[in-house]
*Asks:* 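Okay, handing you the structure first.
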Amino acid sequence: MSGDHSHNEGQVDCGSRINDSHKHKDKYKEHKHKKDKEREKSKHGNGDFSDKKHKDKMKHKDGSTDKHKEKRKEEKMKPLDGKVKKENGFASLPHVKSEPEDDAYHSPKNNKPLKRERDNDFDSDFKPKKIKTENDKKAKKRKQEEEDIKPQKTKSKKGEVADGKKKPKQEPEEKWKWWEEERYTDGVKWKFLEHKGPVFAPPYEPLPSKVKFYYDGKPMKLSPEAEEVATFFAKMLDHEYTTKDVFRKNFFKDWRKEMTSEEKSKITDLKKCDFTEMSEYFKAQSEARKAMTKEEKLKIKEENERILQQYGFCIMDNHKERIANFRIEPPGLFRGRGDHPKMGMLKRRIRPKDIIINCSKDSKYPEPPPGTKWKEIRHDNKVTWLVSWTENIQGSIKYIMLNPSSRIKGEKDWQKYETARQLKKCVDRIRAQYREDWKSKEMKIRQRAVALYFIDKLALRAGNEKEEGETADTVGCCSLRVEHIKLYPESEGQEFVVEFDFLGKDSIRYYNRVPVEKRVFKNLQLFMENKEPEDDLFDRLNTSILNKHLQELMDGLTAKVFRTYNASITLQQQLKEITNGEDNIPAKILSYNRANRAVAILCNHQRAPPKTFEKSMQNLQAKIDAKKEQLSETKRELKSAKADLKVRRDEKCKKLVEGKKKAVQRIEEQLMKLEVQATDREENKQIALGTSKLNYLDPRISVAWCKKWGVSIDKIYNKTQRDKFAWAIDMADEDYEF
DNA sequence: GACACAACTTAGCAGGCCAATG
DNA sequence: CATTGGCCTGCTAAGTTGTGTC
């Protein structure tokens, strides 16, 4: 079947929009009908593709997928029923409700053996076996939690707190090395979880009456609800998108929903709305904020710190862990990335009754604000989130989860890199396989093989199908359309060149011209035969088919593993290749950044050139020129000092020469540093290094590199990054091989 | 297999903060 | 001491993957 966009539409999802009114639902239905029609149409368009029948033949070729599934399920279930409770004695933990209000956290006091076992025979080759079942021996080893990891506050009773004997609250207690402990292997994510719930957005503060909104030139007092939404628009007035039709249309429609009936009947044209006074007011406010005194700023900082201390941490399995996003997203106007059909829609304010709390049964539950209720409190230890709510733009669920430095995120991250290392071991086999599949009789298999080749060679994303009209039109590998590639049998002296030009995730453009193997080229020609530009290139393929196949090739293998693998292996290779032992530290760091950059380019991690780029570049160049001037000046001085020394061979002259020599050296070093900086910055203009550093590069490669070349780790990772990669920093030595 | 839904990772950007600089 | 500029952090959108149901 052809894969034009209609392909995507089956997914249109009425039911998921929990918060939508009935009216809405009806609308969605209509939409769906329309799409069905489109699909019908497209079927006729390209239904004549030769091996349609193969498709069915191929279904469940071997049934192994199902087997796998079942196995996993079985193993997941087992421990939950019996073991979990038994092992950690969690269910019998005492309740802590009686604790005084202001105590931040309460660990289970009686210290049931909650600590996950320290793995003595720890095997540095982490085995990412998600299906491994915890055996009894290991389970027994789980031992008691050390006192010192608990938050200090919890430990001290009121009296102690009062007499000030308590240690400072953020005392860097010995860092917990979770990576030296046994992992959960049964789908359980935690056994004890206690937290304070989310922090809600501050309530709306109505504008002072002197700040007026004008309609059709006349001042008009808005109801608080309508006024709030109006302020959202006013705050964005300087942005280009308030001029976009879609944005304005969506905004106006949602704004009208908040209006009283009088307002609604009066305000019928957005063009007649004048928000400038409101806009000015907010600008003034932000100026005022900037102009605040130190004391005022400090006060705000302290208040934020207080909130952080109160809400920013949770207790998970007896360890205090930092929460990533404990603040609920404030209401505002939705601005998607790229050409988003929903830009400008109102993002609703989230209330307690929208919130689902997830925590231990035996924890002290978070309190909803006075006079309110949570939507639900549940106790699901198979998930990692603490709080969730459904967002009203796409109807998707949002979560509050832990910081990347937490055990639960760290383990997963570590596992991700281990899976990528697994791929390293069998990537040759897999490559041989897909090359073989380029010749397959079955179209489906050929498409799968060519797509996989792209994912491997070009680090493309999998490319799920998307609902048309719900999001910006972006694609990944499996959802590429004919219009996104051009074939050149010959171009610029190269044979079989494919030109890619499409919008990927976040509507970032992917543009690349690559020579491919002849077979790939021929296959692409075949896939494109008799298709319209808007038809799917891989009409027999989707991410689910692809990933099922990958799963069969290697346990845990999915499309995104290739990105991780190729990114990490590229970094390692590049570092080996371009690091020069003779170089000084800044030059070595430049080499690192260049290796990092090679990865960022591979993964197409782009950024908008910083607004101040040109200027700051000029400044840097000026500095370099000044430094050069200084250098030649000092060199001249050295020369004359030397000349002096020849004439009058006294101590003073000798010292002067030495001094000047050192100065020259120092300045040369400074100059080099500046030049390196300039090169680095220039090369980095449109490339974002952060994303790959944070998500794709096995941190142990970087740690090993630092150790090998005597570069301090904080030259490569800032504080946050060091926290996130603490496991890697602790365990990798200079010989680490990805 | 299609779909709905859930959970979790990956992504770029804005704006605040803070250190370097004049 | 004020200014500047670059880095960091927080934010939240936009992906991928997995699972359950029909």
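Just so it is clear: chains get the letters A, B, ... in the order the sequence lines come, proteins before strands, and each one is counted from 1. Just the heavy atoms: all of them, side chains too, but no hydrogens, waters or symmetry mates, feed the values below. Remember, predicted model here, so these are calculated numbers, not experimental data.
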*Asks:* Of A:Glu329 and A:Thr720, whose closest DNA chain C nucleotide lies nearer the 5' terminus?
*Replies:*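 On the 5' side of the pair lies A:Thr720.
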*Asks:* Any ion pair linking A:Lys290 and A:Glu287 (charged N to carboxylate O, less than 4.0 Å)?
*Replies:* yes
*Asks:* Could you report the tightest heavy-atom contact between A:Ile716 and A:Gln721, atom names first, then the distance?
*Replies:*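 Scanning both residues completely, I find the closest heavy atoms to be O-NE2, 3.7 Å.
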*Asks:* Contact class for A:Gly463 vs. all strands (heavy atom < 4.0 Å): base, sugar-phosphate, or nothing?
*Replies:*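 Answer is sugar-phosphate: A:Gly463 comes under 4.0 Å of backbone atoms only.
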*Asks:* Take atom CG of A:Asp473 and atom P of C:dA14, then tell me their distance rounded to the nearest Å.
*Replies:*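 So the CG-P distance, A:Asp473 to C:dA14, works out to 13 Å.
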*Asks:* Nearest 0.5 Å please: distance from the CZ atom of A:Arg563 over to the OG1 atom of A:Thr558.
*Replies:* 12.0 Å
*Asks:* As an exercise, state the distance from CD1 of A:Ile323 to CG of A:Asn403, rounded to the nearest 0.5 Å.
*Replies:* 9.5 Å
*Asks:* A:Gln394 has an atom CD; how far is it from atom C1' of B:dA6, in whole Å?
*Replies:* 15 Å
*Asks:* Answer with yes or no whether the side chains of A:Lys627 and A:Gln630 bring together a donor and an acceptor at under 3.5 Å.
*Replies:*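 Their side chains do contain a donor-acceptor pair, which is all the 3.5 Å distance test asks for.
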*Asks:* Excluding sequence neighbours, so at least two apart, what forms side chain to side chain contact (heavy atoms under 4.5 Å, CB included) with A:Ile508?
*Replies:*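 A:Ile508: side chain to side chain contact (heavy atoms under 4.5 Å, CB included) contacts with A:Asp506, A:Asn604, A:Gln606.
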*Asks:* Quick one: A:Ile716 CD1 to C:dC8 P, roughly how many Å, whole number?
*Replies:* 12 Å
*Asks:* Answer yes or no: does a side-chain N or O of A:Thr471 lie under 4.0 Å from OP1 or OP2 of C:dA14?
*Replies:*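 Looking at the OP1 and OP2 atoms of C:dA14, neither is under 4.0 Å from any side-chain N or O of A:Thr471.
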*Asks:* Taking OP1 and OP2 of C:dT17, is either one under 4.0 Å from a side-chain nitrogen or oxygen of A:Asn547?
*Replies:*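 Result: yes.
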*Asks:* At what distance, to the nearest 0.5 angstrom, does NE2 of A:His340 lie from NZ of A:Lys244?
*Replies:* 12.0 Å
*Asks:* Can you tell me which nucleotide in C:dT9, C:dA14, C:dT17 comes closest to the side chain of A:Asn464?
*Replies:* C:dT17
*Asks:* So A:Gly690, base contact, sugar-phosphate only, or nothing? Heavy-atom distance under 4.0 Å.
*Replies:*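 Here A:Gly690 touches no strand at all.
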*Asks:* Hey, is CG on A:Asn304 packed in by over 12 heavy atoms from elsewhere, all under 6.0 Å?
*Replies:* yes
*Asks:* Within the structure shown, what part of the strands sits under 4.0 Å from A:Thr474 by heavy-atom distance: base, sugar-phosphate, or nothing?
*Replies:* sugar-phosphate
*Asks:* Strictly under 4.0 angstrom, non-hydrogen atoms only: write out the protein contact profile of nucleotides 8-16 of chain B, one letter per nucleotide from the 5' end, B, S or -.
*Replies:* BSBSBSS--
*Asks:* Between C:dA14 atom P and A:Lys466 atom NZ, what is the distance in whole Å?
*Replies:* 8 Å
*Asks:* Looking just at side-chain N and O atoms, do A:Gln422 and A:Glu418 make a donor-acceptor pair shorter than 3.5 Å?
*Replies:*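 No, no side-chain donor-acceptor pair sits under 3.5 Å.
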*Asks:* Across the strands shown, which category fits A:Arg322 at heavy-atom distances under 4.0 angstrom: base, sugar-phosphate, nothing?
*Replies:*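 Contact class for A:Arg322: sugar-phosphate only.
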*Asks:* Please give, in whole Å, the distance from C:dT16 C1' to A:Glu465 CD?
*Replies:* 13 Å
*Asks:* How would you label the contact of A:Pro404 with the nucleic acid (heavy atoms, under 4.0 Å): base, sugar-phosphate, or nothing?
*Replies:* nothing
*Asks:* Output one line per pair: protein atom, nucleotide atom from nucleotides 17-19 of chain B, and distance, for all N/O pairs under 3.5 Å.
*Replies:*
residue, atom, partner, partner atom, Å
B:dC18, OP1, A:Lys301, NZ, 3.4

*Asks:* Stepwise, does the ring pair (Phe, Tyr, Trp, His ring centres under 6.0 Å) test hold for A:Tyr241 with A:Phe247?
*Replies:* CA-CA 7 Å; A:Tyr241 41 76; A:Phe247 190 96; 5.2 Å; yes
*Asks:* Would you kindly give the NZ-to-P distance between A:Lys342 and C:dT12, to the nearest whole Å?
*Replies:* 18 Å
*Asks:* Using a heavy-atom cut-off of under 4.0 Å over every strand shown, decide if A:Ala324 touches base, sugar-phosphate, or nothing.
*Replies:*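 Here A:Ala324 touches no strand at all.
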*Asks:* Looking at C:dC7, I'd like to know if its phosphate oxygens (OP1 or OP2) sit under 4.0 Å from a side-chain N or O belonging to A:Lys719.
*Replies:*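 For C:dC7, neither OP1 nor OP2 has a side-chain N or O of A:Lys719 closer than 4.0 Å.
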*Asks:* Measure NZ/A:Lys627 against C1'/B:dA20 and give the value in whole Å, please.
*Replies:*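 It works out to 13 Å between those atoms.
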*Asks:* C:dT12 C1' sits how many Å from A:Leu333 CG, rounded?
*Replies:*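 So the two atoms are 15 Å apart, to the nearest Å.
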